[in-house]
Amino acid sequence: MTVTLSPISIECDFDAGNILVRDASNPAQVRLAIRPDTHSEHFQWFHFKASGLTLGQRHQFILENAGESSYNAAWDGYHAVASYDQQNWFRVPSQFDGKALSFSLQAREPQVWFAYFEPYPRARHNQLIERAVGLPNVELLATGRSVEGRDIQLLRAGDGAAGKRKLWIIAQQHPGEHMAEWFMEGVIDRLQHNDAGVQALLAKADLYLIPNMNPDGAFRGHLRTNFKGKDLNRAWQDASIDSTPEVFFAKQQMKLHGVDLFLDAHGDEEIPHVFTAACEGNPSYTPRIAGLEQRFRALLSGLSNDFQTVHGYPLSAPGEANMTLACNAVGAAHDCLSLTLEMPFKDHDDAPNPLTGWSGKRSRELASAVLDTFEQMAAELR
Ligand code: GEM
Ligand code: ZN
């Protein structure tokens with residue numbers, strides 16, 4: 001029996017949307033491409049809605065320029081995420097042939113969303129900020145502005161009393177790395193829970209939190225850059241109000257308040273594991289900092305099955321660190337423990353979840369273990 005498939009419509013004119021339609025005339029094989037960041041050649045993030053699906057029929061979607069993306073080696077072993085309701089996301093088997101990434105599904109609903117990772121919507125960010133500032137132990141300390149004028153909130157958890165350690169977490173400098181703000185939601189969830197562990201942490205330290213460093217890029221469906229096409233994680237030596245006001249704001253606040261520990265939350269396209277990168281290549285690196293990095297990794301490994309220390313980036317040679325990165329720049333400027341936290345776009349292969357891969361929920365759960373690690377280390381940071 002021949003089933004005539006109704007026409008498919010593809011849209012991405014929404015928060016964090018990114019797709020280009022090449023040819024959607026064949027509903028069984030929809031030809032698409034990923035759009036580069038504004039004023040930049042970077043691309044990898046995609047997020048779009050397909051409507052007009054025929055129930056029970058298989059529809060294939062082909063991202064024809066995937067092989068030219070920023071991290072084109074990252075498609076091997078990668079599976080796209082899909083959702084029929086924008087709440088529950090699941091992985092769909094995907095294939096990369098060196099040029100195009102293809103994925104398909106047998107439609108259970110007439111519409112579906114696809115994305116590179118579970119998106120963290122701006123509306124949810126606004127609700128997160130509102131929830132956070134409503135907590136008795138959290139305040140809105142300062143607000144910066146992105147290039148396009150979106151708010152960049154700096155929250156402080158704790159009473160700001162003199163003598164307490166200042167622990168900073170910033171997230172989503174790279175706008176396509178949505179797992180980073182899911183991680184920040186986990187931090188706020190734990191603060192709201194306000195259990196004994198959180199109270200013990202806030203008795204000796206305050207948390208300085210920037211849940212989204214790059215709201216323009218996130219809203220525009222960018223992978224890597226802000227509205228001016230700048231990679232914020234390469235702007236920590238020459239941040240400017242004009243082209244990188246996001247970093248300029250964060251650095252200004254760090255100088256004002258001080259930093260005893262810095263964690264920069266990111267996502268990694270290629271490595272299917274959760275890991276950290278640190279400051280071993282900094283000219284100012286010391287055995288004290290090396291010891292704190294080792295301690296952080298050992299404690300977190302014991303607190304979470306979703307963290308490991310075997311896989312990660314190659315170590316930087318002594319004195320060879322790229323000082324334009326937040327982790328290295330902040331570690332040097334404040335002589336403190338400073339780490340980049342990497343969560344995968346794929347899965348954490350040490351504890352895989354075939355249905356979801358790495359996800360927003362797992363990012364939130366990891367945050368809780370990181371706060372417990374902070375609590376155990378707060379007294380030894382200086
Ligand atoms: C990475 S951080 C790169 C760190 N590299 C090494 N070798 N320490 C970046 O900015 O490129 C963070 C990210 O994008 O996830
Ligand atoms: Zn990143």
Side-chain angles (χ1 to χ4, degrees), residues 16 37 40-45 69-74 78 116-120 168-184 210-218 220-226 229-239 244 246-247 250-251 262-285 289-290 293-294 296-297 307-332 337-346 348 358 363 366 370:
D37 293 8
S40 163
E41 291 177 3
H42 278 294
F43 71 85
Q44 191 110 11
W45 172 264
S69 68
S70 299
Y71 300 94
N72 54 17
Y78 166 77
Y116 185 37
F117 188 82
E118 183 178 358
Y120 197 92
W168 284 74
I169 312 176
I170 71 172
Q172 216 163 337
Q173 287 196 84
H174 293 139
E177 298 166 14
H178 287 253
M179 57 287 279
E181 187 153 17
W182 284 111
F183 178 87
M184 296 305 269
I210 302 182
N212 191 316
M213 279 285 293
N214 194 338
D216 298 348
R220 287 177 170 277
H222 286 185
L223 171 73
R224 190 95 181 155
T225 61
N226 73 352
K230 298 291 183 186
D231 179 341
L232 296 186
N233 205 29
R234 297 297 184 275
W236 285 74
Q237 293 300 328
D238 61 355
T244 53
E246 303 89 356
V247 173
K251 285 185 67 175
F262 175 67
L263 187 72
D264 182 15
H266 284 257
D268 183 84
E269 292 80 3
E270 298 183 4
I271 301 174
H273 301 280
V274 177
F275 61 96
T276 53
C279 295
E280 72 283 344
N282 280 19
S284 58
Y285 196 53
I289 297 295
E293 292 170 359
Q294 206 171 9
F296 178 91
R297 288 167 168 156
F307 180 75
Q308 57 76 53
T309 59
V310 171
H311 306 275
Y313 295 140
L315 295 177
S316 300
E320 299 292 319
N322 179 340
M323 298 311 289
T324 66
L325 274 68
C327 171
N328 299 333
V330 174
L337 173 59
S338 182
L339 300 148
T340 303
L341 173 67
E342 293 288 351
M343 293 169 276
F345 279 97
K346 298 177 185 178
H348 179 62
W358 192 255
S363 305
L366 179 65
V370 166

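Just so you know, ligand 1 is whichever comes first in the structure, and atom 1 is the first atom listed for that ligand.
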| message | Other residues, nucleotides and ligands only: do more than 12 of their heavy atoms fall within 6.0 Å of NZ on K230? | response | no

| field | Near the Zn ion (ligand 2) (under 2.8 Å) - protein N, O or S atoms | value | H174 ND1, E177 OE1, E177 OE2, H266 ND1

| said: Tell me if the centroids of the rings in H174 and H266 come within less than 6.0 Å of each other. | reply: yes

| For the rings on F307 and F275, is their centre-to-centre separation under 6.0 Å? | no

| Looking at CG of N212 and OH of Y120, how far apart are the two atoms once the value is rounded to the nearest 0.5 Å? | 9.5 Å

| Any luck finding a side-chain donor-acceptor pair between Q308 and H273 under 3.5 Å? | no

| Can you find a pair of side-chain heavy atoms, one from F296 and one from L337, that are under 4.5 Å apart? | yes

| field | By side chain to side chain contact (heavy atoms under 4.5 Å, CB included) - contacts of P119 (at least two apart) | value | W45, H47, W89, A115, H178

| note | Residue set satisfying side chain to side chain contact (heavy atoms under 4.5 Å, CB included) with D238, at least two apart, ordered chain then number -> A235

| said: Check whether Q237 reaches the backbone of M323 with its side chain - one donor and one acceptor, N or O, closer than 3.5 Å. | reply: yes

Return a table of N or O atom pairs, ligand 1 on one side and protein on the other, at distances under 3.5 Å, rounded to 0.1 Å.
residue	atom	partner	partner atom	Å
ligand 1	7 (N)	P314	O	3.4
ligand 1	10 (O)	R224	NH2	3.2
ligand 1	10 (O)	N233	ND2	2.8
ligand 1	10 (O)	R234	NH1	2.8
ligand 1	11 (O)	R224	NH2	2.7
ligand 1	11 (O)	R234	NH2	2.8
ligand 1	14 (O)	H174	ND1	3.0
ligand 1	14 (O)	R224	NH1	2.8
ligand 1	15 (O)	H266	ND1	3.3
ligand 1	15 (O)	G267	O	3.2
ligand 1	15 (O)	E342	OE1	3.0
ligand 1	15 (O)	E342	OE2	2.7

